[in-house]
Structures are given as C-alpha cells and as structure tokens.
There are 2 protein chains.
Amino acid sequence: MTLQQLRFLSALFESDFNITAAAAKLGATQPAVSRQLALLERELGFTLFSRNGSAYSRVTPAGERVIEYARRVLREAQNIKDVSAEINDPRRGELRIGATHTEARYALPSVIQQFQASFPSVRFSLHQGTPEQIAEMARSNRIQLVMATDSDRLFSQFVRLPCYRWHGRILVAASHPLAGTTRPSVEQLSTYAIAEHLLEAPDASPLQEVFTRAGFEARVALTAQDAEIIKTYVRLGHGVGIIADAAVDAERDADLVSIDASHLFPAHTTWVGFMRGSVLRQYIYEFLSMLAPHLNGERVARAHSCATQAEIDTLFPVRGEDVISP
Amino acid sequence: MTLQQLRFLSALFESDFNITAAAAKLGATQPAVSRQLALLERELGFTLFSRNGSAYSRVTPAGERVIEYARRVLREAQNIKDVSAEINDPRRGELRIGATHTEARYALPSVIQQFQASFPSVRFSLHQGTPEQIAEMARSNRIQLVMATDSDRLFSQFVRLPCYRWHGRILVAASHPLAGTTRPSVEQLSTYAIAEHLLEAPDASPLQEVFTRAGFEARVALTAQDAEIIKTYVRLGHGVGIIADAAVDAERDADLVSIDASHLFPAHTTWVGFMRGSVLRQYIYEFLSMLAPHLNGERVARAHSCATQAEIDTLFPVRGEDVISP
DNA sequence: TACAGTTACGGACCGCGTAAGCATA
DNA sequence: TATGCTTACGCGGTCCGTAACTGTA
C-alpha cells in the first residue's frame, strides 16, 4: 500500500469511477492508475469496485470503507505538507473556499478583495455549490474553508464558527399592496404567492413552519438559490419575495420595496468552517479575521483545539442577531 | 513523502532518537533509515531533529507537529489493513491490550483465557504500564485497547467505555485494632499509617481529599501500583492498607481482614477504550462483551459512532456502584 | 467502430543493503 | 577506540509511459 495508490483510489472515486478521467486529474496515464489499483486490490484481497463489463460501475461496501480511510490518510498527509509550506513561506500558498450561492455572491467578494491585496502570493479560489457539494469537496481536500448558512447537519466532521446572523427581508414591487406596510403579518403574506430564497433542502424550509404554526399555508411559487432570480420575479409583480438582507442592494434594487421581516422569521446563522484536525495556514487565520472581526486568531485557535462543536459554540455566544465579539 | 518515510520518522521518535534502534525495530538497516529521513527533511525544507554532534538529540517544534500528523497517517493506513484483514479472515489477527497494573493482574486473566479459547488464531498480548505509558503505546499503534481506572484526563483522544465500578477496601492484619470493626471512620483511620494502592499520579490521590475534607490528615506511608506489595506491608502489621476490592483474594488472603470502605471513598470507574476513529475487528467486539456483559456489540458500535465522550457516557448510565446494562 | 480497461515491454528511477568514511565521546 | 550517523556504490525491484490487446455497447 502506497500513498500513490490511495491517491489513485480517491481520485477514481471522485471521477465517477472513470479511470481515464482520474488519471488525467492526477497527471498520470490510464494504465498506471489501472495497474496500481489492481495491485492495491490484490494486496487487500478483495475487490473495491464492481465491474460492469469492462467499465467500473460502483464501489463495493468494503471499498467504501477503504476509501473513507484512504481519504483520511491523504488529508493527514496534506497536513504535513501544509506545516512544511507554512514554515518555508508563510505568505505563499493556496486558499480554496467552498460556499453556497448567497455567501459567494454577497458576503465574500469584498473580503476576497481585501485578502488578495494583503496576500498577493496566495492563490485564491472560490467554489460555489450546494451544501452537499461543498461538504464533499472538503472531504476530498479540494477546499479548505466552507461557508454556508444553517445546514449544520451536513457538516458534522467540521469545526464551525459563526460568521454572522441575518434575517429574511420581504421584497415587493413598488406597486404591490404590501409596499407601504411595516411589520406585515403571516396572514397578510399568506394571500400572495411567495418567491423564496432557498437555503438548504426545500423540505426543510423554516418558512413553511412559520406559516403552519400561525395556522396558514404558504403558497410558495418559486424557490431559487440565486436571490437575483427572486428579484426578477418580484419586479414582474408576481408576488412577494423573501431573501437574505445581504442580498438587497440599496442602489440597484431602488425600484423595489424591502420590508423588515425579523418579527416573522427566525434568524439564520451563516458560518464558516474547516475539517476538524486540519492544519490552518497563518493566512487562513488572517482571512477569517477579515471575514468577521470576532474571528480573531486567538479565538479561532482556541476553537481549533476544541474536541466538540458544543465547546466551540460556547466560545462564540450569540445575542439577538449578532455574534458577540468580546 | 512516502509511508515508509513516515514509518521511519515515527519509529525514530519512539526509539529515543536512536536511528540504529529504529532501524532494527522496523527490520531495516541503519543507512536506509538515515537516508530516508534526510530525504524527508529535504523535501519538507526544515530539520525535524536537532543533532547533538553526530547523534540525534531531540525533536524540533516543527518536527513535533510533523510527527503528530505522521502518526495519524499511519493509524489511518493501519485502519485500511484492518478492514482488509477483517474481510479476508475475521477470526485471525492480533489483539494487543495496554492496561495498568490492577486490571492486568486481577480483572483480565480470566477474560483472556475465555477469549483465547474462542479465538485461538488471534495473537493476544498484554502490555502493562502506567497510564502515560499505555496512552503513548496507543498513539503509536502498538496497542488497540486500553484499560485503566480513572485518569480520564490522559485519554481525551479515546473512546472510553465504562467497564465496572469498584470501591476501595480496608485491609488489616487479624491482630490489628481495626480488625473487628465495621464502617470505620476517617478519624479512626487517621491514627494509623496507611499503605495505599496507587491509581494515577500520587498527587491526585482521592484518599488525601477525603481525609482533608473530614479535617484529618492521612499518614500515607506506602504507595504501590501492585496491591500485593500493600498486602505484604499489612501482613507485617505496619498499618492499614487500602486496595481495590478486586485485589482481595478470599483464599490466599484469608489471614487478613478486609473491611468494606464504600462509605468512606468514592467509587472508581475502570474503563476500557480505544482510539477514536480506529477500526475495531469483530473479535475486539467479542472481547469487550466478554469483559463486561453491558459492552455488547450493538452498544459498542453505537458508542464507536459517537463524536464525543459526553454522548458515549449517556449510553452507559451508572447507578450506584454499577454500570447499568439495560 | 468507439470506448474503457488490461497486458506487454523497455527504460528510468528509486530504495535497499554492504561497505567504507567521518565526527564525536 | 567505540558509538552513531553519513556517503559511496552496485544491485534489484518497481513504477511509469508507450503501444498493443481485449472485451463491451
């Protein structure tokens, strides 16, 4: 068993069991990958993938376990390389972030700009995807930081730090009946079609829950990860939009009316995280402190050494809509 | 960076920085180890060990971090081998246990006998040591299971399962003034020299605490890991011994009087554990259920998947002196 | 025929052990 | 002089890429 074999194994898994693609990803030739995987299977004594004729089709139950541990091996090996890079040149490296749509679109751009000015030799990349996708990217070491809102469930192997909290805002066209109101009720909202800014799985919508509890039903006519789609819909006068307050741009959305909805919906927490046990380069600490002032080096380091998420949560208490920065 | 280099690195660390010894331990020659470590240092770009002339003396701070991650790599790689062994021959393998003196001496022998009868092809070995020593053995993968009493502090990276609970017993010679008493008080005890069965660090003695709280001082004249030493001392009539109840043998200690002391001292918990995230062979599950009936496969598997020790503790509630087996 | 994976072959490289060299007590 | 690590050297294995082969849609 060699690290190379485990790299091939992991790459094959991440390339939909296509050896040719996996080989290309690692800058190797296809026979090399094929041979090393055959050798690994022979050494382990059982098949890792089931063959569908000549093509590999899917992983066996045993293979799944092996891949899980293989990835752990590779992550720990990457940690060694990170320690080395940090010592040799702390200001040079890579920062790969995975984020869901809203964070990538509204929260990150200004921070990224600031970060790149401070660390011109750090190659920055941003990978937008669903929470499932970015969790998988982190597991395969393709990204170091993850940013998402809620969906904690998917990130149990992560150290999660609260970044900021926010409320939904109601967005309507200027001509809409609700345009002049403040503090609209659930009953009022329930008479209109709703365009909702999707956070996680559609079935886990906190919006539906709020309506149900008040004895009404939400008529959700549109859901989208991209708040701009919601705005377009609202501009057409088709109903009421509900989006993150960060997604409301005072200038470009001047034709729309946005109404505070903090009395209706619970606050969301946008957090940033990394895989438990992974090495954090110094510039990652810097990035986090740029992202939110309360994520300073000392507190992040303390969170990093916590064994459980519960301990971390006590380090970052929440008051009302804000994470408290002592 | 290769797995072999990490193995050499880890072995050197565990051989007191003696390359010759490390090479012998791994069945390699000394130049091979020397060269691979030099290559690794060159690849990483910094020294891992500080040289004291020609000999290696100690690890650098950076080296310490690298070793930490190198060991993790090796543990995860071992997990892959364990998965493989389990699939190829579930009844063949190794079971290496680290235990402190009392467990190795009194609790384990009968279980080991039973286990070896059921699994003749599993090579069993038992390694007795201080809690510090066995924790270090587990970190370097030399043992898979750990058994100890209290000293939780040293085993934060472990999954700990309560095995059984026990009280200290007072042991005196038949001619001793306390021989006829039941429920002796702290005041009575404080007039005699005490020989204490040592559990963890001498400064963390719960005995001293009990005495202090009652307003007395314990005159501890002897401490020992081996309860037999305490018995010898008591036989000489030199004072009062306090040992684990498991260490009292009805037949062989018939010349001594043992007195229940559960009213005086808090119960101790003897636990068994393994490193978090390690693969457990099927026969390890069997061993655990032989060790204590409440450690059945289903519950151990559940504990294994817990992320925190606190979760595990709720799986094994305690009532009085016993771990509850539902 | 196109596609995906395996087998065959020759070359480069790499890691090992033996043996000699070098520094420190 | 003994100990412990490093360098030199030659061998054997191993890994790789190119190329040819096999099996499947």
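We use all heavy atoms of the structure for the numbers below, so side chains are in, but hydrogens, waters and symmetry mates are not. Chain letters run A, B, ... following the sequence lines, proteins first and then strands; every chain starts at 1.
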With sugar-phosphate taken as primed atoms, P, OP1 and OP2 and all else as base, the protein-contact string of nucleotides 16-23 of chain C at under 4.0 Å (heavy atoms; B, S, -) is BBBB----
Rounded interatomic separation in angstrom, taking CD from B:Q5 and P from C:dC14:
12 Å
Keeping B:D16 on the side-chain end and B:N18 on the backbone end, is there a donor-acceptor pair under 3.5 Å?
no
B:Q5 and side chain to side chain contact (heavy atoms under 4.5 Å, CB included): which single residue from B:L40, B:L37, B:V33 fits?
B:L40
Carboxylate-amine/guanidinium contact A:E68 A:R65, below 4.0 Å
no
Between C1' on C:dT6 and CG on A:L12, what's the gap in Å once rounded to a whole number?
15 Å
Nearest whole angstrom, please: distance from the C1' of C:dG15 to the CG of B:L40.
15 Å
Apply the test salt bridge (Lys or Arg N to Asp or Glu O under 4.0 Å) to residues A:R105 and A:E228: give CA-CA distance (whole Å), side-chain angles for both, the deciding distance (0.1 Å), then the verdict.
CA-CA 10 Å; A:R105 178 84 168 70; A:E228 300 304 316; 3.4 Å; yes
First and last nt of DNA chain D near chain B, cut-off under 4.0 Å to heavy atoms, 5' to 3', are D:dG4 to D:dA8
Taking CZ from A:R42 and P from C:dT6, how many angstroms apart are they, rounded to a whole number?
14 Å
Which salt bridge (Lys or Arg N to Asp or Glu O under 4.0 Å) pairs, counting each pair once, include a residue from residues 22-36 of chain B, with sequence neighbours left out?
none
Heavy-atom closest pair, residues B:I143 and B:I97
CG2-C, 3.9 Å
Tell me whether the side-chain N/O atoms of A:S34 come closer than 4.0 Å to OP1 or OP2 in C:dA4.
no
Nearest-neighbour nucleotide for the A:R51 side chain, C:dA4, C:dT6, C:dG15 considered
C:dT6
Are the side chain of A:R91 and the backbone N or O of A:S118 linked by a donor-acceptor pair below 3.5 Å?
yes
Sugar-phosphate, base or nothing in reach of A:F17, heavy atoms under 4.0 Å
sugar-phosphate
Do B:S10 and B:E14 meet the criterion of a side-chain donor-acceptor pair at a distance under 3.5 Å?
yes
